[in-house]
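Within every chain, numbering begins at 1; the chains are lettered A, B, ... in the order of the sequence lines, protein sequences first and strands thereafter.
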2 protein chains.
Amino acid sequence: MPDSSPLPPPEAGGPGRAANRSLSVTDQIRDAILDGTVSAGERINEVRFSKTLEVSRTPVRAALQALAGEGLLDYAPNRGFTVREFPLSAIVDAYEIRASLEGVAARFAAERGLSAEERAIIEESLVAGDKLLARGEFAEGDLTIYRGINGDFHDTLLGAARNRMLAEMIRICHHVPMSSSRNIVAFEHRDVRRRHDDHHRIYDAIMAREPWRAEVLMREHVSGVKSSLVKSLIERGEQADIVNGSAAG
Amino acid sequence: MPDSSPLPPPEAGGPGRAANRSLSVTDQIRDAILDGTVSAGERINEVRFSKTLEVSRTPVRAALQALAGEGLLDYAPNRGFTVREFPLSAIVDAYEIRASLEGVAARFAAERGLSAEERAIIEESLVAGDKLLARGEFAEGDLTIYRGINGDFHDTLLGAARNRMLAEMIRICHHVPMSSSRNIVAFEHRDVRRRHDDHHRIYDAIMAREPWRAEVLMREHVSGVKSSLVKSLIERGEQADIVNGSAAG
DNA sequence: CCGCAGCAAAGTGAATACAATTCAATCCGA
DNA sequence: TCGGATTGAATTGTATTCACTTTGCTGCGG
């Protein structure tokens with residue numbers, strides 16, 4: 001017993017938001033993975049983490065199992081967990097998968113209809129985006145604001161699909177490094193304008209109760225983000241040969 | 001210590017196949033959920049399971065977390081795990097999601113190409129299916145055989161997509177009760193014949209390196225299984241009003 | 001110098017003990 | 001009689017300990 005007091009909560013992770021230590025540790029380890037504190041392919045040492053986070057191995061193991069379920073870690077019996085590697089091809093694939101899934105979500109939303117609250121949020125996101133884009137160029141911090149607007153649009157539509165499994169799968173796609181919807185890969189004003197126009201058209205299709213059109217538009221929308229990513233990577237001279245044939249599509 | 005001997009492996013679950021107890025327990029609990037031994041919506045008691053399976057709570061908790069990651073269980077902090085309920089609408093949705101995902105898998109396979117081994121397995125499944133269907137009607141046990149043939153075709157194609165995340169998501173869809181590809185919902189000879197013809201066409205599209213065609217065909221193929229399920233449920237007089245508008249697809 | 005057997009250290013797996021929370025029944029008080 | 005606080009049993013969360021597996025090193029033999 002290293003400590004005399006019964007249980008002084010080690011809430012070191014910041015504002016004590018998580019319900020219990022396992023969840024808190026899960027968030028901390030996930031962040032460490034996503035921001036590269038622990039590098040890809042690296043093997044995770046349970047005792048090391050438990051010492052760093054000042055908890056026992058139990059919540060650490062719980063967190064690792066949860067993160068393995070999210071697809072961020074690999075597990076091998078008697079050998080523990082390793083950080084899964086995401087080659088560029090896997091990242092590009094994740095966009096394709098997400099495009100397909102969000103397309104289905106848009107179709108479901110069009111079939112099932114939106115609640116008044118959902119309509120309000122989406123329309124607000126459309127208006128806010130219009131206003132932000134009206135000036136013709138971005139000021140400092142505008143992109144961060146648009147990230148939020150974009151997230152609101154997609155999250156609300158996803159909720160309107162009323163299917164939990166679908167939501168969880170898309171959430172997993174978002175956790176693939178660089179694949180999050182909060183990462184606006186196109187920083188050009190013209191590209192963001194185009195993406196925002198997509199939002200308008202998707203919303204129109206959903207309100208017109210045209211499921212098939214909503215699906216196709218959403219698919220193309222997300223797929224377009226992928227293409228922008230691939231294009232920008234190529235322009236930056238990064239190894240683009242990893243990307244498979246459909247990259248230009 | 002309830003036992004004098006150091007560790008007499010409780011391998012009660014059958015042939016000791018799993019690498020460790022957590023994995024073994026995971027399989028046992030999953031089976032219990034899927035075959036209805038524990039009913040949907042039920043709250044899971046950790047100590048009860050640990051006594052039944054004659055292990056400690058530790059591997060039971062590990063198993064529950066893993067199954068929550070698979071989407072079979074819900075977790076609430078300080079309240080434990082409950083068996084997730086799958087209303088008919090969720091099952092139908094799972095077919096739509098799977099159709100979309102397997103469509104992407106077929107496209108990837110067409111883009112990336114098949115290995116010699118994969119071609120061999122698929123061609124064998126096609127030939128075996130042709131032979132089985134040639135007689136014009138099913139004998140006892142034929143459907144079980146076709147279940148295996150069908151599984152080989154889909155699993156091999158999924159492997160050829162060379163994307164782990166995609167494979168895991170489809171696997172999750174399969175774990176939704178009644179949604180497994182091993183469940184041939186159409187028991188009519190004519191319907192199975194039609195499904196098997198789909199397999200031929202999908203394979204042709206992949207070998208012809210026509211990704212888009214492969215995707216559309218696979219999507220329609222899986223979606224057709226959903227329609228058959230819905231139709232048979234309606235004919236059996238089950239409450240079909242739960243199914244949403246796209247049922248007739 | 002290379003290879004392999006054996007041993008020691010490190011790490012994971014499982015069980016048990018303990019803390020904290022939830023939940024239900026009960027006991028008051030209005 | 002109803003509502004709410006209280007208490008205790010049941011259940012989950014965390015820590016610790018022990019058992020087993022893996023792994024890398026060391027030393028012996030070829």
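Nucleotide D:dT16 holds its P atom 16 Å from the CZ atom of A:Arg61, rounded to whole Å. Summarising the geometry, the separation between CG on A:Leu73 and P on C:dT12 is reported as 12 Å, rounded to the nearest angstrom. A:Phe49 places its CZ atom 17 Å from the C1' atom of C:dA10, with the value rounded to the nearest Å. Residue A:Ile44 contributes atom CD1, which lies 17 Å from atom C1' of C:dG13 at whole-angstrom precision. In this structure, B:Leu23 places its CG atom 13 Å from C1' of C:dA14, rounding to the nearest Å. The distance from atom CD of A:Glu46 to atom P of D:dT21 is 17 Å, rounded to the nearest whole Å. Per the geometry, CG belonging to B:Asn45 stands 13 Å off C1' belonging to C:dT22, to the nearest Å. Computed from coordinates, the B:Arg48 CZ to D:dA10 P distance equals 16 Å when rounded to whole Å.
Residues A:Arg79 and B:Asn78 both approach DNA chain D. Their nearest nucleotides, taken by heavy-atom distance, put B:Asn78 toward the 5′ side. Ranked by how close their nearest DNA chain D nucleotide is to the 5' end, B:Arg43 and A:Pro59 are led by B:Arg43.
Under 4.0 angstrom from either OP1 or OP2 of C:dA20 there lies no side-chain N or O belonging to A:Arg21. In terms of phosphate contacts, B:Thr58 brings no side-chain nitrogen or oxygen within less than 4.0 Å of OP1 or OP2 of C:dT16. OP1 or OP2 of D:dA15 lies within a sub-4.0 Å distance of a side-chain N or O belonging to A:Ser56.
Heavy-atom minimum distance, A:Ala214 versus A:Ala110: CB-CB, 4.2 Å. Shown here for A:Leu157 and A:Ile206, the closest heavy-atom pair between the two residues is CD1-CD1, 3.5 Å. The heavy-atom pair separating A:Leu34 from A:His175 by the smallest distance is CD2-O, 3.4 Å.
With respect to A:Glu118 and A:Arg112, no salt bridge is recorded, no charged nitrogen being found less than 4.0 Å from a carboxylate O.
Looking at B:Arg57, its side chain comes within 3.5 Å of the base of D:dG13 through a donor and an acceptor atom.
Contacts of A:Phe81 with the nucleic acid, taken as non-hydrogen atoms under 4.0 Å apart, are absent. No contact: B:Leu64 has no heavy atom under 4.0 Å from any strand.
Taking the six-membered ring wherever Trp is involved, the centroid distance between the rings of A:His174 and A:His154 does not fall below 6.0 Å.
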